[in-house]
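In what follows, a single structure is set out as structure tokens and then discussed.
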There are 2 protein chains.
Amino acid sequence: MASNAMFAEVAALAGDPARAGMLQALMDGRALTASELARIAGITPQTASGHLARLTTAGLLAVEQQGRHRYHRLASPAVAQMMESIMLVASPPEPARRKFTIGPRDAALRAARTCYDHLAGRLGVALADALVAGGQVELAKDGGLMTDAGVALLRQLGIDVDPMVRRSTSARGRVLCRPCLDWSERRPHLAGAVGAALCSLSLANGWIRRIDGTRAVAVTPKGERSYRELFGICGGEVAH
Amino acid sequence: MASNAMFAEVAALAGDPARAGMLQALMDGRALTASELARIAGITPQTASGHLARLTTAGLLAVEQQGRHRYHRLASPAVAQMMESIMLVASPPEPARRKFTIGPRDAALRAARTCYDHLAGRLGVALADALVAGGQVELAKDGGLMTDAGVALLRQLGIDVDPMVRRSTSARGRVLCRPCLDWSERRPHLAGAVGAALCSLSLANGWIRRIDGTRAVAVTPKGERSYRELFGICGGEVAH
DNA sequence: CAGATATTTCGGCCATTGCCGAAGCGTCTC
DNA sequence: GAGACGCTTCGGCAATGGCCGAAATATCTG
């Protein structure tokens with residue numbers, strides 16, 4: 001069966017430590033150069049070049065040439081979702097996790113990070129919890145739904161909800177969102193169009209800023225204030 | 001970063017052709033013995049034993065001992081979702097796919113198969129299309145919603161919808177479902193609790209039956225009649 | 001045009017690991 | 001209890017593939 005060989009090839013590509021590191025670094029949705037990815041993965045540029053070529057021809061990455069730089073990014077949201085689902089399976093169960101949670105970089109990732117186009121980590125989960133507690137969002141295992149109050153909040157924040165609104169038959173006016181099981185918190189955060197909108201809004205408003213070359217983000221003082229006022233999230237909840 | 005090593009380990013486990021074959025064979029949610037899996041993967045039992053041990057200690061598989069047989073199954077729905085998301089990335093784009101679509105086994109899988117706990121392939125997509133066309137379901141990229149007519153249909157079919165119904169605030173009475181991008185059709189089919197209920201109902205009513213040791217299913221004459229009468233799906237649509 | 005930087009190609013070394021044959025250990029059956 | 005069957009462990013072979021150094025190519029800068 002040909003699809004089996006293709007499956008194994010894709011999984012094996014993601015299964016090398018160096019390539020896995022590069023793919024994870026690209027999980028924030030941005031495009032990085034080969035040299036940056038080589039440094040992140042801890043290998044020499046020539047080795048990285050080979051890896052990146054294989055990832056690109058397999059359709060996992062897309063490249064964009066700008067002068068002497070070649071910017072690599074994940075080829076599609078499907079790749080990002082694959083990465084997230086592997087992370088979920090790979091994240092060890094609670095008891096065994098304590099001894100792994102040590103490095104400062106790991107701690108920053110667990111506190112707040114971007115998950116391709118939306119927020120994850122303690123911040124992402126706290127945001128989802130706050131919206132559920134406030135009656136703006138309903139999250140189930142199979143899906144999520146913005147309430148009228150939730151849609152009103154999005155409008156108040158200046159988010160254009162029109163493209164998200166269902167207009168047909170009985171679900172008129174409803175906005176659907178997607179729950180995404182957080183691999184570090186093991187509880188759902190908000191994904192989909194609504195999650196992406198909240199994430200880009202947070203970045204645009206300076207509530208969060210990206211940390212160096214990882215996909216971790218830091219909550220700014222301004223962000224702490226806004227999150228507290230708008231959603232009732234207390235800073236300590238996220239800062240740990 | 002420890003999570004990186006765990007990630008690569010999981011992906012590498014799925015990235016071996018023999019192990020990938022075994023994992024795919026388990027995608028129908030049933031439990032198989034080591035010998036069966038060895039035969040499916042085309043390797044000797046002692047080699048399979050080693051693979052299965054590694055998959056189990058990594059948390060991808062769960063084993064259940066019954067006498068001298070050891071039944072292996074996917075450890076969790078999260079593993080099934082990981083497999084599905086890898087398949088989606090691994091499925092080649094439309095133009096390049098033609099030359100791979102040859103084997104009869106492959107053809108059967110593309111016609112109708114189970115995807116862990118729900119239906120996929122042309123049958124699964126046709127079912128979703130029919131429900132959307134009939135106004136019983138609304139599917140968006142981020143989620144799906146049963147309409148009143150859809151809930152009524154589920155009740156008529158004898159499906160207990162009570163555990164699925166949202167009871168809080170503004171979404172009172174709504175039933176959420178999950179769209180799942182079909183890796184062979186590249187269009188969404190129905191997953192989540194609703195999809196699982198329809199699949200188990202189809203099996204229980206004899207509308208479909210499993211084919212040998214794969215996760216492909218065949219639509220029975222009775223099934224063709226039922227699908228046509230209940231959902232308006234014409235048999236040729238699925239049989240190709 | 002010369003030097004610096006980013007990236008790729010080539011060649012060879014070495015570790016990992018998938019594979020099977022042989023043998024050992026439980027479990028079921030007669 | 002003897003034999004059959006399912007599964008696992010052990011040992012050794014062979015191939016895959018990741019890695020780097022050296023060198024070539026392309027682009028930008030002065």
Side-chain angles (χ1 to χ4, degrees), chain A residues 1 4-26 30-58 60-73 75 90 213, chain B residues 1 4-26 30-58 60-73 75 90 213:
Chain A
M1 185 160 36
N4 188 0
M6 307 259 330
F7 175 98
E9 187 187 332
V10 168
L13 282 172
D16 174 77
R19 286 192 295 260
M22 296 194 272
L23 287 169
Q24 297 215 28
L26 294 170
R30 287 182 303 176
L32 301 179
T33 66
S35 313
E36 288 171 315
L37 289 168
R39 188 180 44 76
I40 290 171
I43 54 181
T44 58
Q46 63 267 35
T47 304
S49 177
H51 286 316
L52 292 170
R54 291 181 60 185
L55 288 168
T56 303
T57 58
L60 296 193
L61 296 186
V63 294
E64 198 174 339
Q65 183 130 11
Q66 274 184 22
R68 58 181 164 181
H69 298 278
R70 298 192 69 190
Y71 287 94
H72 300 256
R73 60 175 174 79
Chain B
M1 188 159 35
N4 188 1
M6 306 260 330
F7 175 97
E9 186 187 332
V10 169
L13 283 173
D16 174 77
R19 286 192 295 260
M22 297 194 271
L23 286 169
Q24 297 214 30
L26 295 170
R30 287 183 303 179
L32 301 179
T33 67
S35 314
E36 289 172 312
L37 290 167
R39 188 179 44 75
I40 290 171
I43 53 180
T44 59
Q46 62 268 33
T47 303
S49 177
H51 286 314
L52 291 170
R54 291 181 59 185
L55 289 169
T56 303
T57 58
L60 295 192
L61 296 186
V63 293
E64 199 174 339
Q65 184 131 12
Q66 273 184 25
R68 59 180 163 183
H69 298 278
R70 299 192 69 189
Y71 287 93
H72 300 257
R73 59 174 174 81

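Bear in mind that the values here come from a model prediction, so they are computed numbers and not experimental data.
- For the pair B:Asp16 CG and D:dG17 C1', the computed distance is 13 Å after rounding to whole Å.
- Nearest to the side-chain atoms of B:Pro45 among the listed nucleotides D:dT8, D:dC5, D:dT27 stands D:dT8.
- Using a 4.5 Å cut-off on side-chain heavy atoms (C-beta onward), A:Leu32 and A:Tyr71 make no contact.
- Between the A:Arg19 side chain and the A:Ala12 main chain, a donor and an acceptor come within less than 3.5 Å of each other.
- Between B:Ser49 and D:dT8 there is a side-chain N or O to OP1 or OP2 distance below 4.0 Å.
- Counting only distance, with no hydrogens or angles, the side chain of A:Ser49 and the backbone of A:Pro45 share no donor-acceptor pair below 3.5 Å.
- One can place CG of A:Leu52 at 13 Å from P of D:dG18, the figure rounded to the nearest angstrom.
- Between B:His51 and B:Ile43, some side-chain heavy-atom pair lies under the 4.5 Å cut-off.
- Counting to the nearest Å, the P atom of D:dA26 and the CD atom of A:Gln65 are 11 Å from each other.
- Screening B:Leu23, B:Leu55, B:Thr56 for a side chain to side chain contact (heavy atoms under 4.5 Å, CB included) with B:His72, the sole residue that qualifies is B:Thr56.
- Taking atom CD of A:Gln46 as the reference point, atom P of D:dA23 lies 13 Å away to the nearest angstrom.
- Comparing B:Arg68 and B:Ile43 against DNA chain C, the residue whose closest nucleotide sits nearer the 5' end is B:Ile43.
- The CD-P distance, from B:Glu36 to D:dC5, rounds to 16 Å in whole Å.
- Mapping B:Thr33 and A:Gly42 onto DNA chain D via the closest heavy atom, the residue that lands nearer the 5' end is B:Thr33.
- Remark on DNA chain C: of its neighbouring residues B:Gly67 and A:Thr47, the 5'-side contact belongs to A:Thr47, judged by nearest-heavy-atom nucleotide.
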Between A:Leu52 and A:Arg70, is a side-chain contact (heavy atoms from CB on, under 4.5 Å) present by the stated rule, with each step listed? CA-CA 10 Å; A:Leu52 292 170; A:Arg70 298 192 69 190; over 6 Å; no
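- Of the candidate nucleotides D:dT8, D:dC28, D:dG6, D:dT8 has the atom lying nearest to any side-chain atom of B:Arg70.
- On the nucleic acid side, DNA chain C contacts chain B at distances under 4.0 Å to non-hydrogen atoms, with the end points of that region at C:dG18 to C:dC28.
- Considering only heavy atoms from C-beta on, B:Leu37 comes within 4.5 Å of B:Leu26 through its side chain.
- In this structure, the CG atom of A:Leu55 is 10 Å from the P atom of D:dG18, given to the nearest Å.
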